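Everything on this sheet refers to the single structure shown next.
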Number of protein chains: 2
Amino acid sequence: MAQGLRAHGYKLTAQRLAVLQVMQEGNELLTPAEVLDRGRKIHSRLGMTTVYRTLELLRELGFVRRVHGAEGCRAYAQAREQDGHHLVCQACRRVVDFPCSGLNELIEQTARRTGFSVESHLLELAGLCPACQ
Amino acid sequence: MAQGLRAHGYKLTAQRLAVLQVMQEGNELLTPAEVLDRGRKIHSRLGMTTVYRTLELLRELGFVRRVHGAEGCRAYAQAREQDGHHLVCQACRRVVDFPCSGLNELIEQTARRTGFSVESHLLELAGLCPACQ
DNA sequence: TTCCAAATGAAAGGGTTTTTCAATTGGCCG
DNA sequence: CGGCCAATTGAAAAACCCTTTCATTTGGAA
């Protein structure tokens, strides 16, 4: 992920590396405030503004994805699957990626029926992970 | 929809009827602020607080649904399909409902693979409507 | 008509996200 | 290695959005 930043011409600052590490070390859903808290344990001089900016940057690069769960609409999780979606545990906030294959048929069918051209889609599942059931 | 409110024991106030009418008269995506603006043309004494409360009430009753689009995460649209999802035009914000049948297979497959029990899902499509293409 | 629980909205409160701008810094280049 | 500069940062302020509070109003049952 760090190499990814590099490759796109972004500087590898201590702040970015801290946010990166936070997003990589678990697979939980994290709000910007939580990322700030955890990030400060890695690099004490880390500001809220930078957290917001870095999370959006990582999202643009496809390293993290936003999750619109029940608990507020601004949370981020690591994107492990390329072009995948999230399945979130409502109890422990653990996140699992799953591929979006199988959705295409439904999308095409809907596009045909409505005449819309579908350009993007958002799919999220919520439930209980094996440990929390 | 008004009868629905009645049936659930809610009072039919002028404010609720105004919000209701706003949500019924188009099939656009509307933010609470937009609902307030339009609602005030129908009933000038309408407050922001009531708009928020009424939209949530209508959502609980299944008359409207929240949409988490690109442009902010709090918008509402009329729910025409029972238990359906939204397809939003990115240009004109027109909204079309589509049934969620066909998604169940994907959900079950994902549940089996991950061991999660899936309790809810969120699916939204975005694109261009026939007129805007 | 009377009455009261339900409903309302203005204002205050609270939290989150963005903007601004002066100071800092990563990393290219000589 | 050291200088340089555009990229980056963060504190503070501003902007935004949503919820709570509470005194007042009101729908509709009796």
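None of the values given here were measured: they were computed from a predicted structure. Every chain is numbered from 1 and lettered A, B, ... according to where its sequence line falls, protein lines coming before strand lines.
- At a threshold of 4.0 Å, the pair A:E56-A:R53 does not count as salt-bridged, since none of the basic side-chain nitrogens sits closer than that to a carboxylate oxygen.
- Close to D:dT8, at under 4.0 Å from its OP1 or OP2, lies no side-chain N or O of A:Q15.
- Checked against D:dC17, C:dG27, D:dT26, the side chain of B:K11 finds its nearest nucleotide in D:dT26.
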TODO: Please report the C-alpha distance between B:L128 and A:F116 in whole Å, then the side-chain angles of each, then the deciding distance to 0.1 Å, and finally whether the side chain to side chain contact (heavy atoms under 4.5 Å, CB included) criterion is met.
DONE: CA-CA 5 Å; B:L128 292 174; A:F116 273 59; 6.0 Å; no
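- In the hydrophobic clustering of ILVMFWY residues, with side-chain heavy atoms under 4.5 Å counting as a link, B:V51 and B:I42 come out together.
- The two residues A:R74 and A:R66 make their nearest non-hydrogen contact at CD-NH2, 3.7 Å.
- Using a 4.0 Å cutoff on non-hydrogen atoms, the parts of residues 37-45 of chain B near DNA chain C are B:R45, ordered by number.
- More than 12 heavy atoms of other shown residues, nucleotides or ligands fall within 6.0 angstrom of atom CD in A:E119.
- Contact annotation for B:R74: backbone-only contact, meaning every heavy-atom pair under 4.0 Å involves sugar-phosphate atoms and none involves a base.
- Across all strands, A:T49 comes closer than 4.0 Å to base atoms (heavy-atom distances).
- Scanning atom types as modelled, no donor and acceptor separated by under 3.5 angstrom connect the side chain of A:R6 and the base of C:dG27.
- Residue B:T13 places at least one side-chain N or O under 4.0 Å from the OP1 or OP2 atom of C:dT8.
- Using modelled atom types, one finds no donor on one side chain facing an acceptor on the other under 3.5 Å when comparing B:H85 with B:D97.
- OP1 or OP2 of C:dT8 lies within a sub-4.0 Å distance of a side-chain N or O belonging to B:R16.
- Ion pair B:R38/B:E28 flagged as a salt bridge, since at least one NZ, NE, NH1 or NH2 atom sits closer than 4.0 Å to an Asp/Glu carboxylate oxygen.
- Checking A:E34 against A:Y76 by side-chain atom types alone, no donor-acceptor pair falls below 3.5 Å.
- Comparing the start and finish of the helix from C:dT1-D:dA30 to C:dG30-D:dC1, five pairs each, the helix axis swings through 30°, to the nearest 10 degrees.
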